Amino acid sequence: GTTGTGKPADNATSDVTLIGRVNVSVTGNKAVKGAGVYAWDSDAYSKDSYVGGAYASAVIDNGGDLMFGLNTDPLIDAGYTTIDYAIHCRGDGTLGCWESNTAVGIIGAYSVGDVLAVVYDGSFVKYLRNGVVQRSVAAVVTSALYFDSSFATVGGSISNIRFGPMSSNAWAAIGGTGKPQDNATVGAPS
């Protein structure tokens, strides 16, 4: 039969291929820094990339200091300074963001269980918490964008990682009213 445990969905791994480096292990759509010391030396990044617009989202399981977002060159290193647009879960429970190695500042707070997202819609980069835009900045990105992250805190963990093009129909994973398409400034790329 097709019921009971052991159905394909029980063993589904992921709809995004993530590569963990240094002390980050990836299981399906979850990334955890499970060893090492407090240092911005571990990450997970996507194998795939998208041009013209992309979104990255994740649920915060255990914060501390970690960042994730959109990046054009994830292979440079595992640190946060090379992530182009990153949302930053800070150890004190505040939420910040970094853009090309520049701290933009505090844009709110976060709690375990929150869904955070970084979205580039072709005109703006938006940072969202539970579907509500916390910051929006005009941007022109012509290179392909990857999911990228950096973990400092041992035990830092994100799950339900979603990454896709603006043309994707998986926006529901970001959740809430104020999902990116509710405030889209440009149409989906053709």
Side-chain angles (χ1 to χ4, degrees), residues 13-51 53-107 110 112-120 125-129 134-135 139 141 143-165 168 170 173-174:
T13 54
S14 173
D15 50 12
V16 56
T17 302
L18 297 169
I19 298 146
R21 282 192 291 198
V22 191
N23 293 304
V24 168
S25 60
V26 172
T27 307
N29 292 62
K30 182 173 182 143
V32 180
K33 181 172 180 176
V37 297
Y38 179 93
W40 293 100
D41 62 355
S42 306
D43 75 336
Y45 62 92
S46 65
K47 177 178 169 269
D48 298 316
S49 63
Y50 302 100
V51 176
Y55 68 91
S57 73
V59 173
I60 305 306
D61 296 328
N62 186 14
D65 272 317
L66 63 87
M67 297 190 201
F68 74 86
L70 299 172
N71 193 11
T72 59
D73 51 5
L75 296 177
I76 289 180
D77 62 33
Y80 68 88
T81 62
T82 55
I83 301 176
D84 298 318
Y85 301 99
I87 198 159
H88 179 192
C89 292
R90 297 164 45 104
D92 63 2
T94 59
L95 196 59
C97 61
W98 284 73
E99 294 168 356
S100 301
N101 197 24
T102 300
V104 172
I106 304 302
I107 59 170
Y110 76 94
V112 168
D114 282 351
V115 179
L116 303 180
V118 180
V119 177
Y120 174 59
V125 172
K126 296 177 182 174
Y127 302 85
L128 299 94
R129 176 180 170 255
Q134 305 295 303
R135 172 177 165 77
V141 182
S143 300
L145 288 165
Y146 295 79
F147 173 92
D148 199 2
S149 61
S150 186
F151 293 75
T153 301
V154 177
S157 173
I158 56 178
S159 64
N160 198 28
I161 297 168
R162 297 285 181 252
F163 172 66
S168 171
I174 294 175

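Throughout, numbering of the chain's residues begins at 1 and tracks the sequence. Predicted model, so just to flag it, every value in this text is computed and none were measured.
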Next item on the list: Quick one: do Val125 and Tyr120 satisfy side-chain contact (heavy atoms from CB on, under 4.5 Å)? Show the steps, please.
Entry: CA-CA 4 Å; Val125 172; Tyr120 174 59; 3.7 Å; yes

Next item on the list: Working to the nearest 0.5 Å, report the span between NZ of Lys47 and CD1 of Ile19.
Entry: 7.5 Å

Checklist line | Passing option when Trp98 is tested against Tyr80, Phe68, Trp40 for ring-ring contact (aromatic ring centres under 6.0 Å, His included) | finding: Tyr80

Notebook entry, point to check: Which salt bridge (Lys or Arg N to Asp or Glu O under 4.0 Å) pairs, counting each pair once, include a residue from residues 148-157, with sequence neighbours left out?
Noted result: none

Notebook entry, point to check: Any idea which heavy atoms bring Gly69 and Ala56 closest together, and the distance?
Noted result: O-CB, 4.0 Å

Margin query: Which residue in the set Val112, Val115, Leu116, Ile161 passes side-chain contact (heavy atoms from CB on, under 4.5 Å) when paired with Val59?
Written below: Val115

Check: With side chains defined as the heavy atoms from C-beta onward, is the minimum distance between Asn23 and Asp41 less than 4.5 Å?
Finding: yes

Notebook entry, point to check: What distance separates Ser57 OG from Ile158 CD1, expressed to the nearest 0.5 Å?
Noted result: 9.5 Å

Margin query: For the CD1 atom of Ile83 and the CZ atom of Phe147, what is their distance to the nearest 0.5 Å?
Written below: 8.5 Å

Checklist line | Considering all heavy atoms, the nearest Gly36-Val154 contact | finding: O-CG2, 3.4 Å

Notebook entry, point to check: With a 4.5 Å limit on heavy-atom distance, are the side chains of Thr72 and Leu145 in contact?
Noted result: yes

Notebook entry, point to check: What salt bridge (Lys or Arg N to Asp or Glu O under 4.0 Å) pairs are there with at least one residue in residues 69-87, not counting sequence neighbours?
Noted result: none

Next item on the list: Check whether any side-chain heavy atom of Gln134 sits under 4.5 Å from a side-chain heavy atom of Leu128, and report yes or no.
Entry: no

Check: Under 3.5 Å, side chain of Asp92 to main-chain N/O of Thr94, donor-acceptor pair present?
Finding: yes

Notebook entry, point to check: Where is the tightest heavy-atom contact between Thr82 and Asn71, given as atom of each residue plus distance?
Noted result: O-OD1, 2.9 Å

Check: What residue pairs, at least two apart or across chains, pass salt bridge (Lys or Arg N to Asp or Glu O under 4.0 Å) with a residue in residues 16-32?
Finding: Arg21-Asp43, Lys30-Asp61

Margin query: Can you confirm whether Val32 sits close enough to Phe151 that some side-chain heavy atom of one is under 4.5 Å from a side-chain heavy atom of the other?
Written below: no

Notebook entry, point to check: If you round to the nearest 0.5 Å, how far is CG of Asn62 from OG of Ser159?
Noted result: 11.0 Å

Check: Quick one: does Ser149's side chain have a donor or acceptor within less than 3.5 Å of a partner on Ala44's backbone?
Finding: yes

Item checked: Closest heavy-atom pair and its distance - Ile87, Ala117 -> CD1-O, 4.2 Å

Next item on the list: Check whether any side-chain N or O of Ser46 sits under 3.5 Å from a backbone N or O of Asp48 as a donor-acceptor pair, and report yes or no.
Entry: yes

Next item on the list: Taking all non-hydrogen atoms of both residues into account, name the closest pair between Ala86 and Met67 and its distance.
Entry: CB-SD, 3.9 Å

Item checked: Residues Thr153, Lys33; criterion side-chain contact (heavy atoms from CB on, under 4.5 Å); working and verdict -> CA-CA 7 Å; Thr153 301; Lys33 181 172 180 176; over 6 Å; no

Check: How long is the span from the CZ atom in Arg129 to the SG atom in Cys89, to the nearest 0.5 Å?
Finding: 10.0 Å

Margin query: For Tyr127, run the side-chain hydrogen bond (donor to acceptor under 3.5 Å, both in side chains) check against His88, Glu99, Arg135 and tell me which one passes.
Written below: Glu99

Next item on the list: Might you point out which heavy atoms bring Pro165 and Tyr55 nearest each other, and give the distance in Å?
Entry: O-CE2, 3.5 Å

